[in-house]
> 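Here you go, one structure.
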Amino acid sequence: MWRRRLSPTIWRVTFKAMGWGRWGFPLPPSSNAPSGRGLRMAQAAAQMDWQREAEAQPITQITHPKDVHDFIQSHPVLADTCHVYPRYLIAYAPQLTVRGYGGPFEEVIEAMYRRSVTQSERKRAANDPAGSGLTADGRHPGCDDEFVLRDPEFGMYGPAHIACGFVQGNSVASGPPVQYYAYIEYLAWMLSEASCWLPAPVRERLTLGMAEWPVWAWTEYEGRLIEEFGFEDQPFTGKFGAWLNKARLGDVPSLGSAAAMDVNHRMQFSSTLLKLPEDGATLAERFLAPEFLGVHLLARSRRGRQRLS
């Protein structure tokens, strides 16, 4: 489910209670000693500062790695904290796990990845069935899923699982919120030239994963987008989703003008929001092409056959 970002007031209350939120890290433990209380309060204050900036810029999974590193280094306490809690870092910025994108964290990410591969090799050799339902070969994954973008074989995970982890987070990210945009925004970015800083195999796998992951169809009830990002419903909003519900591989009805306008309008909104180089019509053409929508329908048909078997 798409997570709404908190209002500033709710954010402050929640953060005070939990030390949580996007770009939140564990705070020092509570202490009765003045020095301990002071350290915790100082860390909390610094964290609130960089969290506000991470929201304002914003710093998300689709932010260029250089900009992520610039953001981290502009907050010395954050830089130190990321070194202490690298798993939280790569939850908020999974793009840093791509080989060569880790910057000052490259060595620690590589060491974590290598340990993960070693552990996975032992489990695969022992035919450990854990996680086998997530992989293409039906065996234990080749690494923990937080390192899939670093692994030459993507840990043998299925594309939809990889896309889900990129958008929603893996492992430690099940606690703090990771997702910033609606699913369709991530999809539009992957279809855009703006994502070409990703290595081609990574970009292709993420795009394939979004095609196979059936979560991005928008409806006429997008009130959260109006509130958060300024999206405005139109009379045709949701018509594409209604069309998609009826479409089946081998029996795809005509798109219709209302559904086509819906796609163009929604893609134009994504383009404007994310400052993509393409206009909505160009993104809509890529979205509706057999290379994306056709793949989505094929994956949906395959899932339907599996349920019936």
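Quick caveat: nothing in here was measured; it's all calculated off a predicted structure.
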> Do you know the tightest heavy-atom contact between Val178 and Ala91?
CG1-O, 3.3 Å

> Going through the distances and angles, do Trp216 and His296 end up as a side-chain contact (heavy atoms from CB on, under 4.5 Å)?
CA-CA 11 Å; Trp216 37 258; His296 170 75; 3.4 Å; yes

> Atom OG of Ser195 and atom NE2 of His64: how far apart are they, to the nearest 0.5 Å?
11.5 Å

> Taking the side chain as everything from C-beta on, heavy atoms only, tell me whether Tyr181 gets closer than 4.5 Å to Val167.
no

> What's the verdict on side-chain contact (heavy atoms from CB on, under 4.5 Å) for Glu53 and Ser74, showing C-alpha distance, side-chain angles and the deciding distance?
CA-CA 10 Å; Glu53 186 174 337; Ser74 69; 4.1 Å; yes

> When you look at Trp213 and Tyr183, which way does the ring-ring contact (aromatic ring centres under 6.0 Å, His included) test go after all the steps?
CA-CA 10 Å; Trp213 189 33; Tyr183 298 111; 5.1 Å; yes

> Identify the two heavy atoms, one from Gly138 and one from Ser132, that lie closest to each other, and give their separation to 0.1 Å.
O-CB, 3.3 Å

> Do other residues, nucleotides or ligands put more than 12 heavy atoms under 6.0 Å from the CD atom of Glu193?
yes

> Is the CD atom of Gln57 crowded by more than 12 outside heavy atoms at less than 6.0 Å?
yes

> Using a 3.5 Å distance criterion without hydrogens, assess whether the side chain of His140 forms a donor-acceptor pair with backbone atoms of Ala130.
yes

> According to the interplanar angle, ranging from 0 to 90°, do the rings of Phe105 and His83 count as parallel (below 30°), tilted (30 to 60°) or perpendicular (above 60°)?
tilted

> Could you tell me if the side chain of Glu291 sits less than 4.5 Å from the side chain of Val295, heavy atoms only?
no

> A quick test of your reading: do over 12 heavy atoms of other residues, nucleotides or ligands sit less than 6.0 Å from CD of Glu285?
no

> CG/Asn170 to SG/Cys164 distance, rounded to the nearest 0.5 angstrom?
7.5 Å

> Strictly distance-based, threshold 3.5 Å: is any side-chain N or O of Asp137 a donor or acceptor partner for the main-chain N or O of Arg139?
yes

> Can Glu212 and Arg300 be counted as an ion pair, charged N to O under 4.0 angstrom?
no

> Keeping the roles fixed (side chain from Ser192, backbone from Ala188), state whether a donor-acceptor pair exists under 3.5 Å.
no

> If every non-hydrogen atom of Leu208 is compared with every non-hydrogen atom of Pro159, which pair is closest and at what distance?
CD2-CG, 3.6 Å

> Going by heavy atoms in the side chains, are Thr237 and Thr219 under 4.5 Å from each other?
no

> Under 4.5 Å between side-chain heavy atoms, hopping through other hydrophobics if needed: is there a path connecting Leu187 to Leu273?
yes

> Is any side-chain heavy atom of Phe166 closer than 4.5 Å to one of Met190?
yes

> So, for Phe231 and Trp218, is the gap between ring centers shorter than 6.0 Å?
no

> For Gly24, is there any backbone N or O sitting under 3.5 Å from a side-chain donor or acceptor partner on Gln47?
no

> What pair of heavy atoms forms the shortest contact from Pro65 to Trp197, and how long is it?
CD-CZ3, 3.4 Å

> Check the pair Lys66, Asp70 against salt bridge (Lys or Arg N to Asp or Glu O under 4.0 Å), reporting the backbone distance first and the verdict last.
CA-CA 6 Å; Lys66 179 184 182 302; Asp70 287 347; 2.9 Å; yes

> Check the pair Ile184 / Trp189 against side-chain contact (heavy atoms from CB on, under 4.5 Å), numbers first and verdict last.
CA-CA 9 Å; Ile184 193 65; Trp189 177 77; over 6 Å; no

> Does any N or O in the side chain of Ser301 come within less than 3.5 Å of the main-chain N or O of Leu297, such that one atom is a donor and the other an acceptor?
no

> Do Asn264 side-chain atoms and Ala260 backbone N/O form a donor-acceptor pair below 3.5 Å?
yes

> What heavy-atom pair brings Pro86 and Val108 nearest, and what distance separates the two atoms?
CG-CG2, 4.3 Å

> Can you find a pair of side-chain heavy atoms, one from Arg99 and one from Glu106, that are under 4.5 Å apart?
yes

> Should the ring pair Phe25 and Trp50 be called parallel, tilted or perpendicular, given that the plane angle runs from 0 to 90° and is split at 30 and 60?
perpendicular

> Search all heavy atoms of Ile109 against all heavy atoms of Gly102 and return the closest pair with its distance.
CD1-CA, 4.3 Å

> For the side chain of Arg150 and the backbone of Thr97, is there at least one donor-acceptor N/O pair under 3.5 Å apart?
yes

> Measure the CG-CD distance between Leu96 and Gln61 for me, rounded to the nearest 0.5 Å.
11.0 Å

> Looking at Arg286 and Glu278, is there a salt bridge between them, counting it only when a charged N and a carboxylate O are closer than 4.0 Å?
yes

> For a side chain to side chain donor-acceptor pair (under 3.5 Å) with Arg22, tell me which candidate from Glu55, Gln51, Gln179 qualifies.
Glu55

> For the CD1 atom of Ile162 and the CZ atom of Arg205, what is their distance to the nearest 0.5 Å?
5.5 Å

> Test side chain to side chain donor-acceptor pair (under 3.5 Å) on Gln168 and Tyr186; report intermediate values, then the result.
CA-CA 11 Å; Gln168 291 186 331; Tyr186 291 96; over 6 Å; no

> Does His75 use its side chain to pair, donor to acceptor, with the backbone of Val77 at less than 3.5 Å?
no

> Just do the side-chain contact (heavy atoms from CB on, under 4.5 Å) check on Thr63 and Tyr92 with the steps written out, would you?
CA-CA 11 Å; Thr63 302; Tyr92 301 126; over 6 Å; no

> For the residue pair Tyr113 and Glu146, establish whether any side-chain heavy-atom pair is separated by less than 4.5 Å.
no

> Give a yes or no on whether a salt bridge exists between Arg266 and Asp262, defined as a side-chain N under 4.0 angstrom from a carboxylate O.
no

> Ignoring hydrogens and angles, tell me if any N or O in the side chain of Ser120 forms a donor-acceptor pair with the backbone of Val117 under 3.5 Å.
no

> Between the side chain of Tyr157 and the main-chain N/O of Cys143, is any donor-acceptor distance below 3.5 Å?
yes

> For residues Met156 and Pro141, determine if any side-chain heavy atom of one lies less than 4.5 Å from a side-chain heavy atom of the other.
no

> Are Phe147 and Phe154 close enough that their ring centres sit under 6.0 Å apart?
no

> Taking the side chain as every heavy atom from C-beta outward, state whether Gln73 and Pro104 have any atom pair closer than 4.5 Å.
yes

